[in-house]
Amino acid sequence: MPADTRQAASTKGASGQGSPGPDVPVIECRGLVKAYGDSTILRGIDLRIERGLTHVIVGGSGAGKTVLLRQLIALERPTSGAVLVDGQDITNLGDVALNQLRRKFGMVFQGAALFDSMSVMDNVAFPLREHTRLSAKEIRRRVLEKLEILGLTGADKKFPAELSGGMRKRVGVARALMLEPAILIYDEPTTGLDPVSSRNVDDIILEMRDRFGITSVVITHDMATLFRVAERASMLYKGRIVLTGTPSELLDSSNDVVRHFLRASGVRPEALQELASE
Amino acid sequence: MGGPPSTGQAAKRDPEERSHEEKRRNVALEVLLALWSFPRGPLVEIGMVASLAFSTLVWALRPPYRGRLLIAAMEFVGVQSIFIVGLTGTFTGMVFGLQLVYSLRQFGAENTVGGVVALALSRELAPVFTGLMVTSRAGSSMATELGTMRVTDQIDALATMAVNPVQYLVVPRVIAGILTVPALCMLFNVVGMFGAYVVSVYLLSLDPGVFVARMSWQADGADIMQGLVKSAVFGGTIALVACRQGFYASGGAAGVGQATTRAVVQSSVAILVLNYFITSLMTSL
């Protein structure tokens with residue numbers, strides 16, 4: 001399915017409000033606040049994720065990255081503020097409308113979140129079996145095609161426990177792609193992987209953008225990933241976005257928090273510049 | 001001497017009195033909070049189970065209807081519990097028959113054993129023991145499975161794939177509990193009566209005709225129905241409590257273990273408490 005067809009079908013099916021204009025960001029956060037009891041994690045996030053770009057949200061542990069991600073895909077409701085997807089406020093959507101909306105999204109979890117009682121084939125086929133009336137043969141064909149794209153040929157009969165960390169992540173990506181979503185969200189995609197596997201996952205993120213025109217949101221604390229895949233980047237610090245810009249702008253920033261984070265990442269600025277220019 | 005205190009003394013005493021007043025208030029507040037903490041926990045739990053029960057009802061009525069998941073859940077809760085319930089039922093009937101024959105023989109009333117066993121089994125023992133066995137086998141397993149799915153993000157993954165986790169995970173288990181526990185209760189009744197019959201007639205020489213006649217004379221369809229209604233309520237409660245604990249588990253492997261323990265304890269207590277209230281309600285009807 002071509003990217004533009006997929007986008008239109010997805011938008012129509014999910015919002016029922018027709019296609020949004022090209023200037024409307026895919027996701028927009030306005031004054032997003034999230035508190036658990038007395039503990040405030042997000043303290044007024046304003047963020048725009050532009051269509052077709054790979055936007056990396058970077059921040060240290062405890063900065064609120066995962067909490068922000070859970071608001072973006074409406075796994076939790078914010079304490080105040082709003083999240084708009086294609087211009088539609090999703091903050092107070094009911095369960096049925098939320099289910100419709102979520103078909104626009106694909107999500108790759110930190111630990112892949114594969115169903116451990118199912119084989120790779122059943123895991124990847126799951127969204128198609130739930131949401132389409134395709135024949136078993138057609139579902140199998142599509143699953144095998146996706147597995148081949150992601151370098152997982154022959155892994156369809158294996159169970160998640162038999163896979164390496166990198167393979168699990170790729171199966172997670174395959175599953176997230178099955179409904180051909182307009183937006184793909186990656187939660188810490190390279191955490192726990194060796195440098196080579198990390199590089200492979202970064203390549204997959206880039207390939208998803210180039211091949212399917214998907215808008216990607218990547219949550220990470222890995223600066224190498226940021227400079228390899230990002231077209232836009234936001235720095236999250238103590239529940240606030242302290243800077244949004246291109247990776248180069250991030251590198252040249254005089255913001256103390258950004259400079260400290262870059263220094264602490266242990267990667268030389270020249271090396272990061274190299275990655276950005278790649 | 002003996003006159004009103006000077007302004008300086010009054011000003012010194014006022015803060016002291018205020019301080020004592022505040023301490024008294026704080027102590028009273030702490031006592032009230034401590035007293036409230038006793039019913040608070042159970043009330044919160046009951047509220048969360050009730051909320052999950054409501055969601056389950058709503059999502060059970062909405063399509064898609066997942067027949068395969070329901071059959072798999074019934075196989076897990078019902079079929080896989082047959083052996084343990086059958087074994088428990090047989091030995092419960094046997095020991096009950098044994099005790100009753102010895103006790104009632106002292107008054108020359110051993111002929112009533114068949115009737116007493118039938119009544120006790122059908123009204124109380126079968127539903128309660130079946131419920132407790134299903135709790136320990138299936139309830140604990142449900143809580144562990146869902147808890148593991150929660151802490152490994154599998155439940156969130158379902159939600160992000162536009163599949164409602166309550167509809168996919170909780171609805172089939174609760175319906176399976178409601179449908180299969182009464183069937184297991186009937187099994188308990190049958191094997192329990194058989195166990196009591198074998199002990200009473202073959203080991204303790206009771207007249208088989210009298211045993212069967214008393215059994216059918218004293219226990220009727222209403223008694224069996226009472227047990228079945230109870231076991232259906234227990235089945236739904238076991239599944240709801242287990243799913244609630246698993247569904248909201250947190251804290252990794254330790255958290256899943258604690259959720260499982262809580263599921264078993266809460267289900268067992270709920271069965272015993274509900275048993276009294278259902279009995280009270282049904283006998284007053």
Side-chain angles (χ1 to χ4, degrees), chain A residues 10 13-14 36 66 69-70 72-76 93-118 122-133 160-161 168 171-179 181 183-188 217, chain B residues 40 44 51-52 54-73 75-76 80 141-173 246-253 255-256:
Chain A
S10 172
Y36 301 95
T66 301
L69 180 149
R70 294 177 70 82
L72 296 185
I73 201 165
L75 283 173
E76 292 177 7
L93 287 182
D95 288 338
V96 175
L98 266 182
N99 264 1
Q100 286 291 319
L101 172 98
R102 284 179 181 142
R103 294 177 70 166
K104 287 184 179 183
F105 289 91
M107 170 116 182
V108 181
F109 286 84
Q110 187 175 345
L114 303 179
F115 301 127
D116 41 24
S117 59
M118 296 183 192
D122 290 336
N123 262 287
V124 181
F126 184 85
L128 290 179
R129 288 178 183 153
E130 281 293 319
H131 296 297
T132 69
R133 292 172 184 273
R168 290 163 70 97
V171 174
V173 174
R175 187 176 67 178
L177 285 172
M178 287 315 287
L179 288 178
I183 310 158
L184 206 47
I185 296 184
Y186 300 85
D187 183 15
E188 305 275 11
V217 181
Chain B
R40 186 176 176 275
V44 168
S51 167
L52 184 62
F54 180 73
S55 297
T56 304
L57 181 65
V58 169
W59 281 103
L61 300 174
R62 283 182 183 158
Y65 306 110
R66 294 182 167 87
R68 276 188 192 177
L69 288 180
L70 177 61
I71 289 169
E75 195 270 336
F76 175 71
Q80 291 187 29
S141 179
M142 278 184 211
T144 307
E145 186 181 357
L146 266 61
T148 307
M149 288 185 77
R150 167 62 72 192
V151 301
T152 54
D153 290 332
Q154 293 177 51
I155 292 180
D156 283 342
L158 274 176
T160 59
M161 285 188 279
V163 175
N164 185 279
V166 171
Q167 191 182 39
Y168 191 86
L169 297 171
V170 182
V171 168
R173 286 169 170 80
F247 210 74
Y248 298 103
S250 61
V256 175

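Order of the sequence lines sets the chain letters (A, B, ...), proteins ahead of strands, with each chain counted from 1.
Residue B:Met161 holds its CE atom at 4.0 Å from CZ of A:Arg175, rounded to the nearest 0.5 Å. In this structure, CG in A:Asp95 is found 10.5 Å from CD in B:Gln167, a value given to the nearest 0.5 Å. To the nearest 0.5 Å, the span separating CG on A:Leu114 from CG on B:Asp153 amounts to 11.0 Å.
Counting non-hydrogen atoms of neighbouring residues, nucleotides and ligands closer than 6.0 angstrom, the CZ atom of B:Phe54 reaches no more than 12 such neighbours. Heavy-atom neighbours of A:Arg129 CZ from other residues, nucleotides or ligands within 6.0 Å: above the threshold of 12.
Annotation: maximal heavy-atom pairing with chain A below 4.5 Å, among B:Ile155, B:Leu158, B:Thr160, occurs at B:Thr160. Ranking B:Ala162, B:Ala157, B:Pro64 against chain A, the residue ahead of the rest is B:Ala162, based on heavy-atom pairs under 4.5 Å. Interface remark: of the candidates A:Gln110, A:Glu130, A:Met107, A:Glu130 forms the most heavy-atom pairs closer than 4.5 Å to chain B.
For A:Ile185, no part sits under 4.5 Å from any heavy atom of chain B, backbone or side chain. The contact between A:Phe115 and chain B is made by backbone and side chain atoms together, counting heavy-atom distances below 4.5 Å. Only the backbone of B:Thr152 comes within contact range of chain A, with heavy atoms under 4.5 Å apart.
Under the side chain to side chain contact (heavy atoms under 4.5 Å, CB included) test applied with B:Asp156, the options A:Ile73, A:Asp187, A:Leu75 reduce to a single match, A:Leu75.
Residues B:Val163 and A:Arg102 have side chains not in contact (no heavy-atom distance under 4.5 Å, counting atoms from C-beta outward).
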